[in-house]
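Some notes on the structure that comes next.
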Amino acid sequence: DTGVSQDPRHKITKRGQNVTFRCDPISEHNRLYWYRQTLGQGPEFLTYFQNEAQLEKSRLLSDRFSAERPKGSFSTLEIQRTEQGDSAMYLCASNPLTGAPEQYFGPGTRLTVT
Amino acid sequence: GNSVTQMEGPVTLSEEAFLTINCTYTATGYPSLFWYVQYPGEGLQLLLKATKADDKGSNKGFEATYRKETTSFHLEKGSVQVSDSAVYFCALSLPIQGAQKLVFGQGTRLTINP
């Protein structure tokens with residue numbers, strides 16, 4: 001099995017621009033999660049997909065954030081009108097529908113908003 | 001609410017020293033508990049887990065026991081190596097629609113000196 005992959009690994013953008021990140025989960029993992037990790041903190045849950053359905057969203061996910069998983073495989077996370085407070089590591093994780101509860105994480109996309 | 005509190009870091013030890021990183025949690029119900037490790041420039045990797053009270057998780061010489069009476073899941077290793085230098089995160093699982101999300105502590109940075 002290849003692991004969870006994320007693209008890009010790093011993104012620098014100017015305030016007000018839109019950015020989009022991609023996550024490819026482990027193949028055949030039905031469940032996909034997005035987390036955000038700010039410097040010196042643990043990851044915080046943003047949203048969850050089961051196949052193509054977005055079943056849970058955190059209050060952290062403001063209206064400027066949107067996530068999709070159109071065919072139940074890869075997922076994208078878009079941030080519109082970026083703000084400096086959006087600077088963080090965005091992590092994607094996946095796990096199968098049945099089995100143990102642990103999640104498998106990708107390497108993350110580090111976003112810097114200048 | 002549901003939360004995880006970890007021992008404040010950073011922690012610096014000499015090679016072959018004994019390691020303890022404290023973790024306590026607050027949760028309703030009976031969550032699964034995890035330790036994840038993050039090496040520089042990499043994503044989070046599952047180190048070990050325990051899914052019910054009195055379970056002991058172990059991996060790569062690390063151990064942690066799920067103690068319901070003290071709501072703790074302390075990480076221990078008898079003899080650390082330089083290669084154990086990383087950030088360690090304690091986490092618990094919380095049910096969400098159709099899955100479980102992870103709630104993380106703030107992380108403990110560990111540095112092992114030769």
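These numbers come from the heavy atoms of this one structure, side chains and all, not from hydrogens, waters or symmetry mates. Because the structure is a prediction, the values reported are computed rather than measured. Numbers restart at 1 for each chain; the letters A, B, ... are given by sequence-line order, proteins then strands.
At most 12 heavy atoms of other shown residues, nucleotides or ligands fall within 6.0 angstrom of atom CD in A/Glu68. For CZ of A/Arg64, the number of neighbouring non-hydrogen atoms (other residues, nucleotides, ligands) closer than 6.0 Å is greater than 12. Within 6.0 Å of CD in B/Glu16 there are 12 or fewer heavy atoms belonging to other residues, nucleotides or ligands. Around OH of B/Tyr30, the count of heavy atoms belonging to other residues, nucleotides or ligands within 6.0 Å does not exceed 12.
A/Tyr104 places no side-chain N or O within 3.5 Å of a backbone atom of B/Leu46 that could act as its donor or acceptor partner. For A/Tyr48 (side chain) and B/Gln100 (main-chain N/O), no donor-acceptor pair under 3.5 Å exists by modelled atom type.
Ranked by non-hydrogen atom pairs under 4.5 Å with chain A, the options B/Lys49, B/Glu42, B/Gln45, B/Arg109 are led by B/Lys49. Of the listed residues (A/Arg9, A/Arg110, A/Gln37, A/Gln6), the greatest number of heavy-atom pairs within a distance under 4.5 Å of chain B belongs to A/Gln37.
Looking at A/Pro43 and B/Tyr36, their side chains never come closer than 4.5 Å, going by heavy atoms from C-beta outward.
Cluster annotation: A/Phe49 and A/Leu46 are assigned to the same hydrophobic cluster (Ile/Leu/Val/Met/Phe/Trp/Tyr, side-chain heavy-atom contacts under 4.5 Å, transitive). A chain of hydrophobic side-chain contacts below 4.5 Å, direct or via other Ile, Leu, Val, Met, Phe, Trp or Tyr residues, connects B/Val80 to B/Leu48. Clustering ILVMFWY residues whenever any of their side-chain heavy atoms sit less than 4.5 angstrom apart, transitively, puts B/Leu110 in the very cluster that holds B/Leu75. The hydrophobic cluster containing A/Leu60 does not contain B/Ile96, counting ILVMFWY residues as joined when their side-chain heavy atoms lie under 4.5 angstrom apart, directly or transitively. Side-chain heavy atoms closer than 4.5 Å link hydrophobic residues (I, L, V, M, F, W, Y) into clusters, and following such links, possibly through other members, connects B/Leu92 to B/Tyr66.
The distance between the ring centers of B/Phe104 and A/Phe45 does not fall below 6.0 angstrom.
Interface remark: B/Gln38 contributes side-chain atoms only to the contact with chain A (heavy atom separation under 4.5 Å). Proximity to chain B is limited to the side chain of A/Gln50, based on heavy atoms less than 4.5 angstrom apart. When heavy atoms are compared at a cutoff of 4.5 Å, A/Glu56 approaches chain B solely by way of its side chain, counted from C-beta outward.
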> Given the rule in the side chain to side chain contact (heavy atoms under 4.5 Å, CB included) test, do B/Leu44 and A/Leu91 qualify, once you have shown the distances and angles that lead to the verdict?
Replying inline: CA-CA 9 Å; B/Leu44 282 83; A/Leu91 297 168; 3.6 Å; yes
>> Please evaluate residues B/Leu102 and A/Tyr35 with respect to the criterion side chain to side chain contact (heavy atoms under 4.5 Å, CB included), reporting the C-alpha separation (whole Å), side-chain torsions for both, the decisive distance (0.1 Å), and the verdict.
In response: CA-CA 9 Å; B/Leu102 297 178; A/Tyr35 291 82; 3.5 Å; yes
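The shortest non-hydrogen separation linking A/Arg31 to B/Ala99 is NE-CB, 3.8 Å. Nearest heavy-atom pair across B/Phe89 and A/Gly42 is CE2-CA, 3.5 Å.
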